[in-house]
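Counting starts at 1 for both ligands and their atoms, in listed order. Small disclaimer: the values here were computed from a predicted structure and weren't measured.
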Amino acid sequence: MSEGTEQHCLPLSDGNRIPILGLGTSSPDQLDKGVTVKAVKTGIEIGYRHLDGAFMYGNEDEVGEAIRAKIADGTVKREDIFYTSKLWMTYLSPALVRACLETTLKSLKLDYVDLYLIHWPMGLKPSEKDLFPADASGKLLQDDVDICATWAAMESCKDAGLVRSIGVSNFNRSQLEMILNVPKLKYKPVCNQVECHPYLNQDKLLKYCKSKNIVLVGYSPLGKPNLRNLSNPILLNDPELKKIGEKHHKTPAQIVLRYQVQRGVVVIPKSFNPERMKQNTEIFDFQLTDEEMKAIDGRNRNWRYIPMKEFVDHPKYPFHDEY
Ligand code: A2P
């Protein structure tokens, strides 16, 4: 994938297209001002055209600055870029949806985003200052918002031209069904963005989404190698992935990314390191055999690196169901 190379895309149910490989822009670490700008500019220079962001990541001003700089210097046009943002949990009330999106657009200094997602089906009480509003004892202030009403407000944002496509994230099957069964549904969610990698391959959810023409976008496709939690299995150290990688002269990271694009899953690995950013794009010049795909499927252990345990008692917690 280099400048000028045609992007590998999947069609969306609303007629738009999504590049199958994107650059994640979230970071668990407090980054110095300017780090995101530099990384996103480098990403665009390397050839990324799909950038995955969110209101919650707190750096959309920098992502926007990088996109605008690369438009200004002639590297890309606005229409070459596919930018995703996400509606945060404190804005799920229908009356607040557009406000959150407008804040995003103001930070980006762009007129529209390509894809806007409901970040989580779980609501938190509205708050302008806190992403995670809590009471004096630290308990999160949950809000049980009707996600179908939130969806109708998302549809209005598309009609207003502020966003090209709309979708959801972290929804389980029954939550997707709730939206698909809305009697006056105007637009279907084009995608469901969920954690997805060989240790959580989301086989059943993927089959379901494909049957409804919903694209599955996989976040944390590398198994969050930066998470410093000793109880987590380290995906990129998996011997099977290493073995397959050696055969193809590819790294385990490239193998897990190739695995996803080959099964029709959009991947959005995050890296702010130029070498790894580039390495993660070099996945279109080889193919995994059926046996290798099966062997990688066999590594599944339904392991969530992001179980959101602090939300288990939320009425809309998505991970009680099998999928
Ligand atoms: P860095 O930004 O230093 O490259 P995930 O997308 O699964 O959440 O993983 C993101 C993490 O994986 C980041 O911390 C990133 O670190 C690291 N990473 C990205 N690409 C690779 C790669 N090719 N090999 C190893 N680690 C990677």
Side-chain angles (χ1 to χ4, degrees), residues 1 19-32 34-48 50-54 56-59 62-63 66 84 86 117 119-120 169-170 191 193-202 216-246 248-261 263 265-286 288 296 299-308:
M1 198 169 75
I20 200 157
L21 173 69
L23 180 67
T25 64
S26 80
S27 175
D29 303 317
Q30 271 300 346
L31 296 174
D32 290 339
V35 172
T36 302
V37 181
K38 193 161 175 260
V40 174
K41 279 188 189 169
T42 305
I44 294 173
E45 281 156 16
I46 288 170
Y48 287 92
H50 172 178
L51 305 164
D52 183 82
M56 192 269 175
Y57 303 160
N59 59 358
E62 294 202 35
V63 176
T84 302
K86 309 185 191 86
L117 308 180
H119 205 147
W120 289 90
S169 180
N170 297 300
C191 73
Q193 184 182 123
V194 292
E195 180 179 340
C196 189
H197 44 74
Y199 286 171
L200 179 72
N201 73 10
Q202 301 277 17
L216 197 138
V217 179
Y219 70 74
S220 300
L222 306 173
K224 293 216 87 59
N226 56 322
L227 259 195
R228 294 154 202 108
N229 178 345
L230 294 178
S231 65
N232 278 328
I234 303 172
L235 176 68
L236 298 184
N237 284 351
D238 187 288
E240 187 70 36
L241 297 174
K242 284 190 176 169
K243 197 175 90 195
I244 296 173
E246 277 161 22
H248 291 278
H249 307 292
K250 294 285 176 182
T251 65
Q254 290 169 318
I255 297 299
V256 299
L257 296 174
R258 176 71 210 181
Y259 162 73
Q260 297 290 21
V261 303
R263 65 204 283 260
V265 171
V266 173
V267 273
I268 45 170
K270 179 256 157 186
S271 177
F272 279 8
N273 169 290
E275 271 165 33
R276 286 190 286 276
M277 263 191 248
K278 182 152 191 319
Q279 180 194 125
N280 295 346
T281 66
E282 290 163 351
I283 57 169
F284 298 104
D285 56 354
F286 75 108
L288 296 167
I296 300 173
R299 308 308 290 160
N300 182 50
R301 45 171 107 174
N302 295 326
W303 182 271
R304 278 186 199 284
Y305 290 96
I306 306 168
M308 291 290 267

Does any N or O in the side chain of [X] come within less than 3.5 Å of the main-chain N or O of [Y], such that one atom is a donor and the other an acceptor?
X      : Y      : result
Gln202 : Leu216 : no
Gln254 : Gln279 : yes
Arg258 : Phe286 : yes
Glu195 : Ile306 : yes

[X] heavy atoms, cut-off 4.0 Å: which ligand 1 atoms fall inside?
X      : value
Leu236 : 25 (C)
Gly223 : 7 (O)
Pro221 : 6 (O), 7 (O)
Asn273 : 4 (O)
Lys224 : 7 (O), 8 (O)

Among all protein heavy atoms in this structure, tell me which lies nearest to [atom], with the distance rounded to 0.1 Å.
atom                    : result
atom 18 (N) of ligand 1 : Leu222 CD1, 3.7 Å
atom 5 (P) of ligand 1  : Ser220 CA, 3.7 Å
atom 20 (N) of ligand 1 : Asn280 ND2, 3.0 Å
atom 9 (O) of ligand 1  : Pro225 CD, 3.4 Å

Q) Within the structure, does Ala253 bring an N/O atom to less than 3.5 angstrom of an N/O atom in ligand 1? A) no

Q) Does Pro269 reach ligand 1 with a nitrogen or oxygen that is under 3.5 Å from one of the ligand's nitrogen or oxygen atoms? A)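 Not met; the criterion fails.
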
Q.
Please determine whether any non-hydrogen atom of Thr251 lies less than 4.0 Å from an atom of ligand 1.
A. no

Q) Would a 4.5 Å heavy-atom cut-off, applied to side chains only, mark Asn201 and Ile296 as touching? A)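 Contact flag for Asn201/Ile296 side chains = no.
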
Q) Is ligand 1 under 4.0 Å from a heavy atom in the side chain of Lys270, in the backbone, in both, or in neither? A) both

Q: Please indicate whether Leu227 has more than 12 foreign heavy atoms, meaning atoms of other residues, nucleotides or ligands, lying under 6.0 Å from its CG.
A: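 It does: Leu227 CG has more than 12 such atoms within range.
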
Q: Report, as yes or no, whether the 6.0 Å neighbourhood of atom CG on Asp285 holds more than 12 heavy atoms from other residues, nucleotides or ligands.
A: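 It does: Asp285 CG has more than 12 such atoms within range.
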
Q.
Restricting to non-hydrogen atoms, name the atom on Glu275 and the atom on Asn273 that form the minimum distance, rounded to 0.1 Å.
A. N-OD1, 3.0 Å

**Q.** Per atom 11 (C) of ligand 1, closest listed option by heavy atom (Asn226, Val267, Asp52)
**A.**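 The residue whose heavy atom sits nearest atom 11 (C) of ligand 1 is Asn226.
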
Q) Who's closest to atom 16 (O) of ligand 1 heavy-atom-wise, of Lys278, Gln254, Arg276? A)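 The option holding the nearest heavy atom is Arg276.
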
Q: Determine, step by step, whether Asn280 and Tyr48 satisfy the side-chain hydrogen bond (donor to acceptor under 3.5 Å, both in side chains) criterion, reporting the C-alpha distance in whole Å, the side-chain angles of both residues, the deciding distance to 0.1 Å, and the verdict.
A: CA-CA 10 Å; Asn280 295 346; Tyr48 287 92; 4.6 Å; no

(Q) Less than 4.0 angstrom from a charged side-chain N to a carboxylate O is my criterion; do Asp52 and Lys86 meet it? (A) yes

